[in-house]
Amino acid sequence: MNQPVGAQAEVVLRLRGITKRFGSLTANDAIDLDLHKGEVVALLGENGAGKSTLMSILFGHYVADEGTVEAFGQPLPPGDPAAALARGIGMVHQHFTLADNLTVLDNVMLGTESLWSWRSRRSAGRARLDRLAGAFGLAVRGDARVGDLSVGERQRVEILKALYRDARILILDEPTAVLTPQESASLRATLGRLVAEGLSIIFISHKLDEVLEIGDRVVVLRAGKVAGEVPVADADRPMLAGMMVGRAVEQPQRRQLSPGAVAVGLQGVTVLGEGGRRRLDAVDLDIRAGEIVGLAGVSGNGQSVLSDVLAGLITPDGGHYRLADEDVSRAGTRGLVARGVGRIPEDRQASGVIGDMTIPETLIAEDFRARPFSRFGVIDWRAARDFAARIVSDFDVRTERPDLNARLLSGGNMQKLLLGRALARRPRFVLANQPTRGLDVGAAAYVHQRLLAAREAGAAILLISEDLDEVLRLSDRVAVMFRGRLREADPALGPVTVERLGLMMAGQGFEHAA
Amino acid sequence: MAWLDMLVTASFWVAVLRIGTPLIFGTLGELICERAGVLNLGIEGIMVAGAFSGWLAVYLGAPLGAGILVAMAVGAALGLLHGILTVPLGLSQHVAGIGITLLATSLSYYFYRMVFPTVTEPPRIQPFQPLDLPGLFAQTPMTYLAFLLVALTAYVLYRTPLGLAVRMVGENPAAVEAQGIDVTRLRIGAVMVGSSLMALGGAFLTLSAFNAFYFNMINGRGWICIALVVFASWRPGKALLGAVLFAAFDAFQLRLQQLIGGAVPYQIFLMAPYVLSILALIVMSRRAGVPRALMIPYRKGER
Amino acid sequence: MRLEPRAAVPWTLSLAAPAGAVVVSLALCGFLVAWAGAPVLRAYAQMFQGAAGSLFALTETLARATPLIFTGLAAAIAFRARFWNIGAEGQLYLGAVAATVLGTGAIGGLSPWLMIPLLMIGGALAGALLLMGPTLLKLRLGVDEVVTTLLLNFIVILFVGLLLEGPLKDPMGLGWPQAEPIVAEGELPKLFGGMRLHLGFVIAVGLAVVLWFVDRRTTFGYAARAVGLNPQAAAYAGIGVRGVMFRVALISGGLAGLAGVSEVAGLKGNLTLDLSPGFGYSGIVVAMLAQLHPLGVVAAALFVAGIFVGADAMSRSAGVPTYIADVIVASSLLCMLVALLLTRYRLRR
Amino acid sequence: APGAIAQIKPVEGKIKVAAIYTVPVEQQWVSRIHKALNAAKDRGEVEYVYSENVTNTDYERVMREYAQKGNNLIVGEVFGVERAARKVAGDFPGTAFLMGSSFGPAGKNFSVFDNWIQEPSFLTGMIAGTMTKSNVIGMVGGYPIPEVNRLMQAFMDGARETNPNVKFLVSFIGSWFDPPKAKEAAFAQIDRGADVLYAERFGVTDAAKEKGKLAIGNVIDTQAQYPDTIVASALWHMEPTINAALAKVKNGSFTAEDYAQYSTMKFDGASLAPLGTFEGKVPAEIVGKVKAREAEIRDGLFRVNVNDAEPKPTL
Ligand SMILES: Nc1ncnc2c1ncn2[C@@H]1O[C@H](COP(=O)(O)OP(=O)(O)OP(=O)(O)O)[C@@H](O)[C@H]1O
Ligand SMILES: Nc1ncnc2c1ncn2[C@@H]1O[C@H](COP(=O)(O)OP(=O)(O)OP(=O)(O)O)[C@@H](O)[C@H]1O
Ligand SMILES: [Mg+2]
Ligand SMILES: [Mg+2]
């Protein structure tokens with residue numbers, strides 16, 4: 001890849017003058033875009049720039065207000081996903097479109113046979129699925145229930161869905177946002193094979209390194225318009241970041257601090273799962289005031305359980321969780337909040353905001369029982385609104401109105417809201433679980449800046465992230481989880497690098513543990 | 001033990017299947033709707049409309065088979081209404097359903113009174129007769145049809161592309177749309193088919209179990225079916241089991257009343273099927289089977 | 001043709017849409033009225049007369065709305081927290097049973113100032129207690145509450161029948177399955193002489209206002225809403241989901257129980273098996289029509305009751321079969337649903 | 001109230017009658033009132049309007065609406081709203097009320113009736129007692145209310161008179177309107193050996209017919225539909241009651257009275273249906289006995305016991 005595709009290559013997809021309005025908002029504004037055969041176009045843009053909207057129009061989920069789409073020289077009927085599929089357009093959606101309770105094969109075969117056929121040719125389907133999976137290195141069991149799969153495996157199923165239908169054009173909307181570095185790497189390898197087979201790809205991502213690695217050409221959207229277009233060969237990170245945001249994005253820097261006393265201590269924390277399995281196995285960890293500890297690990301190795309313990313959702317079956325000198329193992333969510341723990345949940349949509357509540361309502365969810373938000377059980381909405389106004393301005397939450405429903409915020413702005421909720425109380429301990437997942441570079445930089453500021457204000461911070469660059473950049477110390485156990489990467493053994501972390505995440509250094 | 005003897009008599013089980021038949025139709029119909037993600041509280045009214053229209057057609061001279069078709073068509077029409085209200089319009093499935101029940105019931109009664117302004121007793125038809133077969137098989141054709149439909153529904157749901165699409169649209173409509181299938185049409189279609197089966201359940205009462213249409217004759221059977229669907233964890237086979245079990249409780253209490261009648265208030269017997277259903281639910285239900293997208297409207301192009 | 005959310009709802013539309021719904025519904029039902037040979041416009045004039053054309057008509061409408069407000073609030077409060085209480089009918093009856101047990105002479109010599117609150121509290125407790133079963137089953141064992149509450153309705157009605165033929169049977173009732181009348185001190189006073197409208201209506205509206213306050217302004221109301229909208233996020237934020245559910249269920253069952261007290265002590269005077277023509281189920285409709293807003297419940301209950309009372313009177317005046325009343329209620333309901341949708345969305349293309 | 005009448009006065013021209021039924025007019029009991037009023041309408045004596053399926057919650061309002069409209073006579077059934085109905089009558093002194101009721105007349109204008117047809121029920125019991133070969137008779141009822149119990153008890157007494165060995169099965173189905181369920185209850189009784197069924201509800205006769213058993217009708221005569229099944233029926237006739245009331249309304253002499261007697265055999269308010277298709281199939285000896293009892297009842301020499309207690313199975 002990264003070979004510029006000659007202008008002579010066939011144009012497989014031609015978008016002209018695509019305009020889409022949602023009420024007063026113009027999400028796409030007269031966008032033109034071409035895709036050539038065998039080309040990888042990387043589509044970049046801030047959160048809310050209109051990337052997903054454009055792709056949804058192309059695929060027929062949305063109907064454009066103006067503009068046309070041509071695939072392989074023929075106009076594509078608007079608002080008809082079936083037509084797009086029939087033309088060989090496959091789409092991997094930003095949010096998975098899979099049914100958890102059904103099998104992989106079910107999800108893949110859906111819609112590939114006539115609905116009026118009297119039987120489903122499942123064995124042929126399974127054979128085809130296995131062949132594709134083998135050919136493109138997308139190993140996944142056809143009979144597995146999708147709900148039991150890891151995020152990476154689901155991503156593979158999404159791609160297999162498209163390949164199963166002989167897609168010639170593949171659209172991937174932030175396919176790597178939730179993947180581990182290893183999974184991302186294997187996905188990139190797969191895409192390479194696909195391009196070699198002659199597929200054309202539109203690839204959306206906020207991870208600029210990735211874009212630079214696999215894209216041939218970068219198209220940048222800003223506020224619904226095409227802000228620029230460059231061949232990858234001529235692009236670099238700062239340049240792309242600047243094109244997206246419209247100004248230079250500065251990476252916040254970690255200053256050297258001398259850490260204070262131990263603020264958070266875990267001793268032998270153990271959580272048992274079904275059948276006595278140890279989901280957390282005697283985890284020890286100290287975090288000092290003014291220190292960021294980064295925690296890496298392949299998802300499913302216990303980071304989420306640890307995060308739930310620290311957030312007060314789970315009471316450990318053994319060991320101690322201490323804040324300063326107090327054992328808070330049984331304090332519960334409310335007790336922890338009261339003792340100055342700020343928590344940023346892993347899944348901001350599911351456990352963070354209450355989507356159908358307004359911004360002020362969502363913001364007081366943790367302490368609506370206390371002053372100033374309520375007295376004698378009566379809520380003071382003015383205090384809540386004032387608080388919300390402060391958070392919105394302090395944390396740069398971009399919203400049309402301060403009383404918008406939280407659901408309508410973009411992911412980045414939702415994240416800023418939750419960051420504000422967690423940090424406004426000047427917590428002693430900040431638990432930040434995947435705080436920049438899916439965020440654009442600008443928003444991610446902002447989150448980093450706020451976390452570093454909290455550190456400088458003396459908070460102890462645990463940063464759980466699958467983005468190893470982020471972990472290395474922000475953390476004073478780094479630990480890795482593997483099969484429920486936690487090990488620190490000892491700096492005495494040499495510099496902590498992505499490679500070293502990768503090996504630890506695969507289990508190196510955990511062998512002789514108890 | 002006299003009551004044990006009773007359980008092994010053929011006539012008891014004949015009665016069980018007879019009592020269970022309308023429940024099988026209704027439960028199967030509701031199951032299909034819910035599998036597609038649409039709760040259909042219109043069932044009680046749709047059963048009334050099916051009972052009335054099927055019977056009226058036969059009363060006006062149509063053959064019994066045509067009565068069945070008329071009932072199914074009326075059920076499908078009401079299903080279409082429910083479908084339009086709840087699928088593309090995305091209205092509350094609770095209210096739309098209760099509204100349909102009220103509408104279908106009152107319209108049936110209104111039509112009945114307009115067609116028969118002066119009758120003083122319910123007009124009768126010649127209903128389906130039980131087949132002259134030995135043992136359990138002395139049932140009317142509609143009971144056989146019910147069993148056939150259970151097998152058919154199970155086959156379609158689990159073995160055909162259409163069934164896969166229906167199950168999927170109840171789990172995640174976005175996934176269905178992403179695979180190029182029209183969510184709206186699929187859901188409306190499922191609701192129509194399900195509703196026509198419910199109407200069959202009603203028609204069984206007027207064309208097979210009895211020979212006249214009577215106000216209030218559905219008498220809560222539709223609501224029972226809703227409960228049976230949950231009991232069945234949304235599976236056709238278990239739905240059959242649930243309907244038969246409930247019918248067995250009912251047949252059993254009717255006989256138990258004869259056996260130990262005097263000592264115990266009759267209400268205790270009538271309660272038995274409901275109490276036992278709750279107990280059965282406690283024993284066997286976890287919410288595992290519930291279609292994820294049940295009661296969640298899906299509007300294309302909205303998030 | 002697609003639906004698109006409106007950014008803002010013009011006030012003219014929020015008035016015009018409900019009116020339009022009623023007009024469309026009446027136009028549709030006009031065919032049925034004409035089929036019965038009645039002059040359609042005159043019939044509808046009579047319908048209005050019958051719903052609100054006189055003090056009598058108006059008080060009747062309000063009296064019929066009263067139990068719907070109670071059960072509507074019961075459903076609204078539960079549904080807000082995503083607790084599907086379909087059992088208001090049974091809770092209503094059990095509330096009435098409690099009022100009957102307490103209010104037919106077991107306790108004597110109390111002034112109405114004590115007796116009426118006593119009956120109310122008793123009825124509310126009974127309703128709440130009945131809902132405890134399904135609530136605990138749901139919270140402890142994950143048993144679906146739709147089914148348990150629904151089936152309990154049937155059981156409760158049979159149980160009431162058993163009581164009415166046994167311990168609660170009125171010895172003066174000549175063998176009929178009915179209870180003794182509520183003592184005079186326990187009766188809810190009538191609001192106008194000679195009319196059936198009673199104190200229960202005032203209490204119902206008062207409770208709607210209180211619940212509205214609770215919902216909008218109190219920490220409990222906030223927690224209940226949060227649990228209903230996103231239980232996972234509520235739990236993460238430290239709201240005890242089970243505790244909230246439990247209290248919501250208590251209130252919901254209590255409100256439905258109050259409906260029974262109100263009917264028995266306010267309207268009917270004694271408990272019979274036909275105390276409620278499905279008020280528990282209509283309450284669900286009322287609640288959803290009100291979009292679960294406590295004050296909206298009052299409006300929706302008045303709407304449903306007004307249409308029914310008016311159409312029922314019209315059927316007599318115009319000589320149309322009685323069943324027309326329910327037809328008009330049902331079609332108005334469905335039209336109203338669509339109209340309310342069109343205030344939030346616009347149709348495009 | 002605009003149309004309301006101030007006091008009971010003689011009526012010129014047609015009497016305006018309104019009826020309020022809590023069930024549809026097909027229900028056996030109500031159908032007899034409806035039939036009698038329709039007959040009066042066909043004779044040109046009355047203008048007749050009615051509301052059916054009125055819930056007891058709405059009953060009082062409907063009474064008031066009809067009274068306000070100036071109807072001369074309001075007929076109905078107030079078993080669930082006894083007190084409220086009497087109050088309405090008090091508020092409309094010029095309107096005559098004739099209501100099915102368990103209680104006595106009230107005020108100046110509130111008269112009552114009830115279906116006192118235990119007499120023919122007793123006679124049908126006598127026939128049933130001889131027609132059963134298994135000596136087991138099944139009875140299926142809706143609810144054990146006095147109106148039902150009374151007839152069942154009389155029927156049982158009659159059966160015991162001709163057949164001391166007879167045993168009874170009793171079921172209540174908890175609904176007035178569920179023929180399929182009534183049918184199932186009857187099937188269950190047939191399974192237990194019943195060969196004669198007392199058909200208090202619709203549906204019972206159908207079970208008997210399907211199984212080749214016999215049935216005894218109640219209130220209405222359905223032998224035409226079930227020629228080989230319905231042996232005998234105890235019939236109720238509302239015409240004497242209605243006609244007596246209409247006459248008094250007409251000449252302005254209507255007062256609060258108990259019209260119960262008009263439902264007795266003596267006043268032709270009740271009768272034993274002709275044997276019809278079972279003529280000759282019922283033993284002549286028993287026909288004679290029944291005829292004799294009937295005459296005694298008409299002459300007041302034999303009084304059928306009125307027992308409102310819930311009948312219990314005896315098998
Ligand atoms: N269904 C919708 N209804 C209303 N507005 C929408 C809808 N979908 C998208 N939008 C609007 O379109 C704009 C672009 O959204 P889109 O999802 O395309 O952004 P994006 O570029 O994909 O962002 P991200 O990088 O975060 O995925 C948003 O600002 C939003 O206001
Ligand atoms: N239903 C909606 N109506 C109006 N605007 C919406 C709606 N849904 C989303 N938006 C807008 O869409 C924009 C982007 O939303 P989107 O969900 O794509 O954010 P995101 O950053 O991509 O989320 P994530 O990072 O989790 O992928 C936001 O500006 C938001 O205001
Ligand atoms: Mg996007
Ligand atoms: Mg995004």
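Chain A is the first sequence line, chain B the second, and so forth, proteins listed ahead of strands; every chain is numbered from 1. Computed from heavy atoms alone, side chains included, the values below leave out hydrogens, waters and symmetry copies. Quick caveat: nothing in here was measured; it's all calculated off a predicted structure.
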*asked:* When you compare the side chain of Thr55(D) with that of Asp274(C), does any pair of heavy atoms fall below 4.5 Å?
replied: no
*Around atom CG of Leu55(C), are there more than 12 heavy atoms of other residues, nucleotides or ligands at under 6.0 Å?*
yes
*asked:* So which residue, Ser315(C), Gly319(C), Pro181(C), ends up with the most heavy-atom pairs under 4.5 Å with chain D?
replied: Pro181(C)
_Test your reading of the model: is there a side-chain donor-acceptor pair from Thr322(C) to the backbone of Ser51(D), 3.5 Å cut-off?_
no
*Where does Ile157(C) contact chain D at under 4.5 Å (heavy atoms): side chain, backbone, both or neither?*
neither
*Could you give the distance from NZ (Lys87(D)) to CZ (Arg196(C)), rounded to the nearest 0.5 Å?*
8.5 Å
*Which region of Arg83(D), side chain (C-beta onward) or backbone (N, CA, C, O), has a non-hydrogen atom less than 4.5 Å from a non-hydrogen atom of chain C, or is it both or neither?*
side chain
*Quick one: pull up CD in Gln178(C) and CD1 in Ile145(D) and give me the separation to the nearest 0.5 Å.*
11.0 Å
_Which atoms of Pro67(C) approach chain D - backbone, side chain, both or neither, heavy atom under 4.5 Å_ = neither
*When rounded to the nearest 0.5 angstrom, what distance separates NZ in Lys268(C) from CD in Glu60(D)?*
10.5 Å
*Closest heavy-atom pair and its distance - Glu165(C), Pro144(D)*: OE1-CG, 3.4 Å
_Phe56(C) side, atom CZ; Arg61(D) side, atom CZ - distance, nearest 0.5 Å_ = 7.0 Å
*Side chain from CB out, backbone as N, CA, C, O: work out which of these in Ser317(C) comes under 4.5 Å of a heavy atom of chain D, or both, or neither.*
both
_Verdict with supporting geometry, Asp312(C) and Val62(D), side-chain contact (heavy atoms from CB on, under 4.5 Å)_ = CA-CA 9 Å; Asp312(C) 189 44; Val62(D) 179; 4.0 Å; yes
*Side chain, backbone, both or neither: which part of Tyr143(D) has an atom under 4.5 Å from a heavy atom of chain C?*
side chain
*About how many Å separate CZ of Arg316(C) and CD of Glu65(D), when rounded to the nearest 0.5 Å?*
4.5 Å
*Among Asn56(D), Asp308(D), Val88(D), Thr22(D), which has the most heavy-atom pairs under 4.5 Å with chain C?*
Asn56(D)
*Residue Asn149(D) versus chain C: region with a heavy atom under 4.5 Å*: neither
_Heavy-atom cut-off 4.5 Å, strictly under: side chain, backbone, both or neither for Val81(D) against chain C?_
side chain
*List the atom of Gly80(D), the atom of Thr272(C), and the distance in Å for their closest heavy-atom pair.*
O-CG2, 4.3 Å
*Pairs in or reaching into residues 92-107 of chain D: which pass side-chain hydrogen bond (donor to acceptor under 3.5 Å, both in side chains), with residues at least two apart or in two chains?*
Trp176(C)-Ser102(D), Glu82(D)-Ser101(D), Arg86(D)-Ser101(D)
*Could you pull out the closest heavy-atom pair between Leu275(C) and Thr57(D), with the gap in Å?*
O-OG1, 3.4 Å
*Should the heavy atoms of other residues, nucleotides or ligands under 6.0 Å from NZ of Lys190(C) be counted, would the total exceed 12?*
yes
*Within a strict 4.5 Å, meaning less than it, do heavy atoms of the Asp58(D) and Arg64(C) side chains meet?*
yes
*Is it true that atom CZ of Phe159(C) has more than 12 heavy atoms of other residues, nucleotides or ligands lying nearer than 6.0 Å?*
no
